[in-house]
Amino acid sequence: MSKVDTQLKDDFKRARTAVERYGVRVYIGDVEDPNTGIFDGLEIGIDYANDLEMSLFVPVHRFGHTSSDWKSLSTYYATGKLPDWSDCRITGLPVLQPMPIPRFIPERFATRYAF
């Protein structure tokens, strides 16, 4: 396993642990194509066919849709109308603490598709 893969695995474990501390279960399984992951408000599913990079991205991105954002999104999907943001604010929950951004060292890699 390369050094990059080892780092991504460690980062995935840290992200998963951080998300699950907030009561959101993170699991790897079969996710309906063409999705790479799903979020239902209680669980984040990561498709087993994802590579390590996408497996890290999915829970971090999906977790960003919790608290106030989830109430706004779920209301929009149910009604087709965006609710007033002040109706979606949730208070009294612990604030996420930022993690340090790792040092960026540019290095060449094989080009690939973009999302």
Side-chain angles (χ1 to χ4, degrees):
M1 183 175 299
S2 76
K3 188 175 187 179
V4 172
D5 288 349
T6 301
Q7 184 64 51
L8 283 173
K9 273 183 117 172
D10 290 344
D11 292 343
F12 173 81
K13 288 176 187 175
R14 286 181 34 230
R16 182 181 194 169
T17 299
V19 168
E20 288 184 336
R21 268 193 229 124
Y22 284 89
V24 176
R25 178 178 171 248
V26 177
Y27 69 91
I28 298 171
D30 190 17
V31 174
E32 187 176 332
D33 289 337
N35 299 308
T36 57
I38 59 170
F39 176 52
D40 68 4
L42 293 177
E43 297 180 323
I44 295 172
I46 303 166
D47 195 82
Y48 66 88
N50 291 340
D51 62 18
L52 281 171
E53 186 176 9
M54 185 58 73
S55 293
L56 172 59
F57 172 78
V58 168
V60 172
H61 175 83
R62 300 286 183 186
F63 186 68
H65 291 297
T66 59
S67 303
S68 302
D69 190 41
W70 179 251
K71 186 172 182 183
S72 177
L73 286 173
S74 62
T75 301
Y76 173 75
Y77 291 138
T79 66
K81 296 179 182 175
L82 282 173
D84 185 277
W85 185 250
S86 62
D87 294 336
C88 298
R89 287 188 9 201
I90 297 173
T91 59
L93 297 176
V95 176
L96 293 174
Q97 296 302 312
M99 296 171 67
I101 298 172
R103 185 170 167 235
F104 174 72
I105 302 170
E107 62 181 77
R108 190 170 309 278
F109 58 88
T111 56
R112 58 183 179 199
Y113 66 91
F115 311 116

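For the single chain, residues carry numbers from 1 onward in sequence order.
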Residues which pass side chain to side chain contact (heavy atoms under 4.5 Å, CB included) with Ser86, listed by chain and number, not counting sequence neighbours: Asp84
Side chain to side chain contact (heavy atoms under 4.5 Å, CB included) involving Thr75 - partner list, sequence neighbours excluded: Lys71, Thr79, Pro83
For [X], what residues pass the side chain to side chain donor-acceptor pair (under 3.5 Å) criterion, not counting sequence neighbours?
X	result
Gln7	Asp11
Asp33	none
Thr17	none

From Met54 atom CE to Thr36 atom OG1, the distance as rounded to the nearest 0.5 Å: 5.0 Å
Option among Val31, Ile46, Asn35 that satisfies the side chain to side chain contact (heavy atoms under 4.5 Å, CB included) test with Val58: Ile46
Closest approach of Ser72 to Leu82 (non-hydrogen atoms, all atoms of both residues): OG-CD2, 4.1 Å
Where Asn50 and Ser55 come nearest, the two heavy atoms and their spacing: CB-OG, 3.4 Å
ILVMFWY clustering at 4.5 Å (side-chain atoms), partners of Ile101: none
Non-neighbouring partners of Phe57 that pass ring pair (Phe, Tyr, Trp, His ring centres under 6.0 Å), sequence neighbours left out: His61
side-chain contact (heavy atoms from CB on, under 4.5 Å) between Leu52 and Phe12, intermediate numbers included: CA-CA 8 Å; Leu52 281 171; Phe12 173 81; 5.8 Å; no
Using residues 20-29 as the side-chain source, report each donor-acceptor pair under 3.5 Å to any protein atom, sequence neighbours left out, with the distance given to one decimal.
unit_1, atom_1, unit_2, atom_2, d
Glu20, OE2, Val26, N, 2.9
Arg25, NH1, Glu43, OE2, 2.7

Chi angles and distances behind the side-chain contact (heavy atoms from CB on, under 4.5 Å) call for Asp30, Asp47: CA-CA 5 Å; Asp30 190 17; Asp47 195 82; 3.9 Å; yes
